[in-house]
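Some notes on the structure that comes next.
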Amino acid sequence: VILWSSTTAQAADDLQRRVGIPVVGIEYGDLGEGRQTFYEALRLVGSVTGGGERASRLIEYIESVLDDLRRRTSGAAPGPTAYIGGVAYRGSHGVLSTEPAYPPFTLLGIRNAAAGLGPEHAFIDREQLLEWNPRYLFIDEGGYAQAMEDLARQPCRVLDAVREGRLHGVLPYNWYAVNFGTVLADAYYIGSVIYPERFGDVDPAAMAEAVVSLLDDGDLAARIGLGARNWAERTISMADYPERLDRMLDRLSENRPGDRA
């Protein structure tokens, strides 16, 4: 089976017809308004792969984490502004690459300096960052090297967060798609920085390890991979592989504009 995100039913049907393999289209949503879409995607993947019970456990765990974050920040003043730089967007970028709707800030109710730029990724001017002069500056480590080069230059060196040691690195959470486990792990770390009195009992590193280990089960992945290999060895004969490959290529070439009379 092929799982394909951010596609259309027509495109999925077309690919399925071409390759002769079931294709399932999913939309992965987010942890905010699109959370139910995310949960529906988990349930669908669980149903297709026989992991329905695991999907339910994941949903329950994520809900418990979100409830805990809400409880810890309930009634907290919005506090000073924070900024996230170094956010990946079709590749890595420096400190001027930001996310106005950065999920960890949203989950924690933190004032994002770039929030007024809208919901989509944004590149800002250096002058804008200097004008905002956020109290806390977080750097997505996907763009860490470039961001630190930017911050080492004038005039970024005069930012209060840089001069006074309120510069923090966070795990990269997106690379063409979002890693929800990293979003949750980053939220706990950022919460411990901005609301230390509310997150004092949390070890951010241990929390990150717990979240990632649950959502990314390496042992389970290895078992799935071994199962797929065993299935392939039982059902696919190398003797007829060239013929099977030719048939697949023929299906892929069907209906190409250049092949039509």
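Under the salt bridge (Lys or Arg N to Asp or Glu O under 4.0 Å) criterion, R43 pairs with no residue at all, not counting sequence neighbours. Residues passing the ring pair (Phe, Tyr, Trp, His ring centres under 6.0 Å) test with Y89, sequence neighbours excluded: H121. Looking at residues two or more places apart in sequence or on another chain, you find no ring pair (Phe, Tyr, Trp, His ring centres under 6.0 Å) involving Y83.
Considering every non-hydrogen atom in both A82 and F105, the closest pair reads CB-CZ, 3.6 Å. Nearest approach of R35 to L66, heavy atoms of both residues: CD-CD1, 3.3 Å.
A distance of 6.5 Å separates CG of N174 from CD of E99, quoted to the nearest 0.5 Å. Rounding to the nearest 0.5 angstrom, the gap separating the OH atom in Y189 from the CG atom in D203 is 12.0 Å. Note that CD1 of I110 is 10.5 Å distant from OG1 of T81, once rounded to the nearest 0.5 Å. To the nearest 0.5 Å, atoms CD1 (I2) and CD (Q16) are separated by 8.5 Å. With values rounded to the nearest 0.5 angstrom, Y28 atom OH is found 14.5 Å from L3 atom CG.
Between T7 and V23, the closest side-chain pair of non-hydrogen atoms is not below 4.5 Å. Side-chain contact check for P100 versus E120: every heavy-atom pair is 4.5 Å or farther apart. Side chains of L108 and F199 form a contact here, defined as non-hydrogen atoms less than 4.5 Å apart.
Note on residues 67-79: pairs passing side chain to side chain donor-acceptor pair (under 3.5 Å), not counting sequence neighbours, are D67-R70, D68-R71, D68-R72, D68-Y188, R72-D201. The salt bridge (charged side-chain N to carboxylate O under 4.0 Å, His left out) analysis of residues 182-198, with sequence neighbours excluded, yields no pairs.
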Could you go through the side chain to side chain contact (heavy atoms under 4.5 Å, CB included) check for E27 and S5 one step at a time?
CA-CA 5 Å; E27 290 295 331; S5 68; over 6 Å; no
Take D13 and R17 through the salt bridge (charged side-chain N to carboxylate O under 4.0 Å, His left out) test and state the conclusion after the steps.
CA-CA 6 Å; D13 289 344; R17 186 180 68 255; over 6 Å; no
Chi angles and distances behind the side chain to side chain contact (heavy atoms under 4.5 Å, CB included) call for Y102, I190
CA-CA 12 Å; Y102 183 52; I190 293 169; 3.8 Å; yes
Mind running side chain to side chain contact (heavy atoms under 4.5 Å, CB included) on L31 and I62 for me, showing each step along the way?
CA-CA 9 Å; L31 292 176; I62 293 169; 4.1 Å; yes
Between L171 and N179, is the side chain to side chain contact (heavy atoms under 4.5 Å, CB included) condition met? List the steps.
CA-CA 10 Å; L171 297 172; N179 185 316; over 6 Å; no
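Side chain of D30 to main chain of G32: a donor-acceptor pair is present (N/O by atom type, distance under 3.5 Å, no hydrogens or angles). With hydrogens and angles ignored, the 3.5 Å screen pairs no side-chain donor or acceptor of S97 with any backbone N or O of G94. Between the side chain of S47 and the main chain of L44, no donor-acceptor pair closer than 3.5 Å is present. Looking only at distances, a side-chain donor or acceptor of T98 sits under 3.5 Å from a matching main-chain atom of I84.
The cluster map of Ile, Leu, Val, Met, Phe, Trp and Tyr, joined by side-chain heavy atoms under 4.5 Å apart, puts L151 and V87 in different clusters. I26 and L15 fall into different hydrophobic clusters, defined by Ile, Leu, Val, Met, Phe, Trp and Tyr side-chain heavy atoms under 4.5 Å apart, directly or through other members. Cluster annotation: M148 is connected to V162 through the hydrophobic network of ILVMFWY side chains, with a link wherever side-chain heavy atoms come within less than 4.5 Å.
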Quiz: residues 129-138 side-chain donor-acceptor pairs under 3.5 angstrom, not counting sequence neighbours:
| residue | atom | partner | partner atom | Å |
| --- | --- | --- | --- | --- |
| N133 | OD1 | D160 | N | 3.0 |
| N133 | ND2 | D160 | OD2 | 2.8 |

